[in-house]
Amino acid sequence: MISNFIPGLIMIITSFLLPTIPQYFRHPAMLLSVGLSALSLFNGYGTFLEWDILGLNLILYQSDSLTLPFAIIFHIAAILVIIFSWHRKNLMEHMATLAYAGSAIGALHAGDFFSLFIWWEATALTSVFIVFAGNTKAAKDAAMRYLIIQVSSGVLLLIGACLMLYQTGNHNLAVLDLKTNFGIFIFIAFGIKAAFPLLNGWLQDSYPESSVTGTVALSAFTTKLAIYALARTFPGTDSLIWIGAIMTAFPVFFAVIENDLRRVLSFSLNNQLGFMVVGIGIGTELSLNGTVAHAFVHIIYKALLFMSMGAVLYRAGTTKASELGGLYKYMPFTTIFCIIGAMSISAFPLFSGFVAKSLIMSSLGGMGMVLIYFILFFASAGVLEHSGIKIPYFAFFAHERKNKVKEAPINMLIAMGIAAFLCIAIGVFPKYLYQILPYTVDYQPYTLDHVISQLQLLVFAIIAFLFLVKFKLYPSEIRSTVLNSDWFYRKMLPGIGKPLFNKIGLLIDSLYKNLGLSFKQVLSKSYKFSNLSYIKVTTPSFAGTILISILFIMLVIVLV
Amino acid sequence: MKNNDLKSMGKSFTKYILIIGALLILLDFTFHRHEYFSFAEIYGFPAFFGFVSFVFIVMLGKWLRKFLMRKEDYYDQ
């Protein structure tokens, strides 16, 4: 019965029922649905639900050792988001959040590319409403761009799946490589959602525009679903090692100069994904374990950091570093929770980031990949810079604050408290995390060599920060926009496209005028037609010109 | 008095961090730190690497502002 009910589906059904539930019972109902969905975690491994349709065998519910850790953390993230948003009365956002989390959980259990595609698009269509619920003009514009990018990823996935079915007769989730054309389509589809370099613009564009609570939900699912999908289909793909290494390094520089602290966290999220992608690229049992462990702990501390910045936004009205500072006095609990999140992401020993990142670093070291190893080591100093220091420093310290603000609401503190507790608990007792990883690996993160090496890196990076601040070399925060890869479609393409289409429009315009004139001349020769007013050749509007040019191009293509 | 809270906090934080840093370097001399790559076993290598990386990141980021920084309403224009 319940055992072959797709996990997450109950959350989607509940989300549709939410409008019929009275306000006070909505959050308990949401929690209950997550709880019911979480029962599936005890089902064990295997294939539980298949559906033959249109001659295709869709595997709607399967579970194995790679699915389980992701399913566990997705349920935990859903619970954290619901508690964090307990005070909020935005029905659209609640519905979207619950359905989004449900779709992401459903996607984890898909056993073939077509079922994956359905859930893949479902996460896109539900999460866009979370961005939309930011309810500013900037948020609505960002939501439209977000939708276009996310749906494009889905379309690429569908093309890949169809090509694969056509060429191999098989559409089950399997390990692919980049030598096949469908492999490349699917790779790019996953790459968009995993925010590969140059495909990452949507992430930093949309996440910081969402509401106080919406960003927390967004940060957990889409990108980690892509990591899961990559881990399942492209483990050991060499190019991922370099893609991942670039991902860890380049967002670091953007994060230094970005003023909006939630956007800094979005760059930081991108950098964290890089570590996971490297782990997938190496493709050993140790490194894949590292990727899964990192995704697991990352969801918690990234949610914690976004929650603390959400609380700041909720109380202080902004997350712009240039306008914040000195909040530690008024929001002491939020400050402590934020620092715990910051120490976790920076991978201080005894915090969760350390026990997960160690796995990836050790597998790199064990393979002798010296260059990648030090790029990641360098990026670790970068993580400390933007997430470890910049976020807590500019929000809570930096300088004294004049206006009083209140501490975050109790529900926010509870959600942050749970996340902070998990960060430390996993850091202190890593064996419980290691037990649920896909492969059994005997690994000890707390060796003296490793702890000292990591502490030296972190402590001297902090000393470097103090040194830069002391000598006034640290860049001051400036209200500004930092260009990112979304610039290509927000500025460059419209910059080229608009004048180009205008020119084509003018050209077609004059063509039609001349055509009309010659028509009239021909017609006026015949007395019969000259007085008929209904024959008029009108010049087409802008939309018309585009349509005509498209038709023309299609004609040319057909002829060629 | 209250206005000096942050300054005194910053001062004591700096003091403790420097002490911890010094201890970590001293610890390096008491045992042989095994690393995956032999050059990383030089005394204080991670400390040096951390310090230099951090300064490099901040300085390069600052320099990149020349190319990447626009007005806040850049996309609204």
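A, B, ... follow the sequence lines: proteins, then strands. Residue 1 opens every chain. From a predicted model like this one, the values you see are computed outputs, not experimental measurements.
- The part of A:K320 that comes within reach of chain B is its side chain, from C-beta onward, which places non-hydrogen atoms under 4.5 angstrom from that chain.
- Nearest heavy atoms, A:K491 versus B:Y74: NZ-O, 3.4 Å.
- A:I339 pairs by the side chain to side chain contact (heavy atoms under 4.5 Å, CB included) definition with A:T335, A:M343, A:P392, A:F397, not counting sequence neighbours.
- Atoms CZ and CG, from A:F254 and B:L64 in turn, are 7.0 Å apart once rounded to the nearest 0.5 Å.
- Formation of a donor-acceptor pair under 3.5 Å by the A:E385 side chain with backbone atoms of B:V58 is not found in this model.
- Across A:L473 and B:M59, no two heavy atoms sit closer than the pair CB-CE, 3.7 Å.
- Contact tally against chain A (heavy-atom pairs below 4.5 Å) for B:D73, B:D28, B:V55, B:V52: the top residue is B:D28.
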CA sep, side-chain torsions, deciding dist, call: B:F31, A:D449, side-chain contact (heavy atoms from CB on, under 4.5 Å): CA-CA 9 Å; B:F31 78 110; A:D449 304 310; 3.4 Å; yes
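- For chain A, the nearby part of B:F39 is the side chain; its heavy atoms alone come within less than 4.5 Å.
- Closest of all the heavy-atom pairs between B:D5 and A:K329 is OD2-CE, 3.8 Å.
- Interface residue A:F377: backbone and side-chain heavy atoms are both found under 4.5 Å from chain B.
- Closest non-hydrogen pair, B:E72 versus A:T481, comes out as O-OG1, 3.0 Å.
- Heavy-atom pairs under 4.5 Å with chain B peak, among A:I452, A:D260, A:V370, A:N484, at A:V370.
- Neither the backbone nor the side chain of A:M367 comes within less than 4.5 Å of any heavy atom of chain B.
- Enclosure of atom CZ in B:F48 is not indicated, since only 12 or fewer non-hydrogen atoms of other residues, nucleotides or ligands lie within 6.0 angstrom.
- Of all residues spanning residues 458-471 of chain A, those with a heavy atom less than 4.5 Å away from chain B's heavy atoms are A:V459, A:F460, A:A461, A:I462, A:I463, A:A464, A:F465, A:L466, A:F467, A:L468, arranged by number.
- Proximity to chain A (any heavy atom under 4.5 Å) is shown, for B:K62, by both the backbone and the side chain.
- Counting heavy-atom pairs closer than 4.5 Å to chain A, the top residue among B:G50, B:A47, B:G10, B:S53 is B:A47.
- Counting only heavy atoms from C-beta outward, the side chains of A:L483 and B:Y75 approach each other to under 4.5 Å.
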Might you work through the side-chain hydrogen bond (donor to acceptor under 3.5 Å, both in side chains) test for A:S362 and B:Y36, ending with a clear yes or no? CA-CA 8 Å; A:S362 292; B:Y36 290 104; 3.1 Å; yes
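- Smallest separation of non-hydrogen atoms from A:S480 and B:M69: CB-CG, 3.4 Å.
- Across A:I478 and B:R65, no two heavy atoms sit closer than the pair CD1-NH1, 3.3 Å.
- Using a 30° and 60° split on the angle between ring planes, A:F374 and B:F45 fall in the perpendicular class, above 60°.
- In this structure, the portion of B:L27 lying under 4.5 Å from any heavy atom of chain A is its side chain and not its backbone.
- Considering CH2 of A:W487 and CG of B:L68, their distance stands at 11.0 Å, rounded to 0.5 Å.
- Interface remark: B:E35 contributes side-chain atoms only to the contact with chain A (heavy atom separation under 4.5 Å).
- Considering CZ of B:F37 and CG of A:L364, their distance stands at 7.5 Å, rounded to 0.5 Å.
- Residue A:A255 does not touch chain B at all, counting heavy-atom pairs closer than 4.5 Å.
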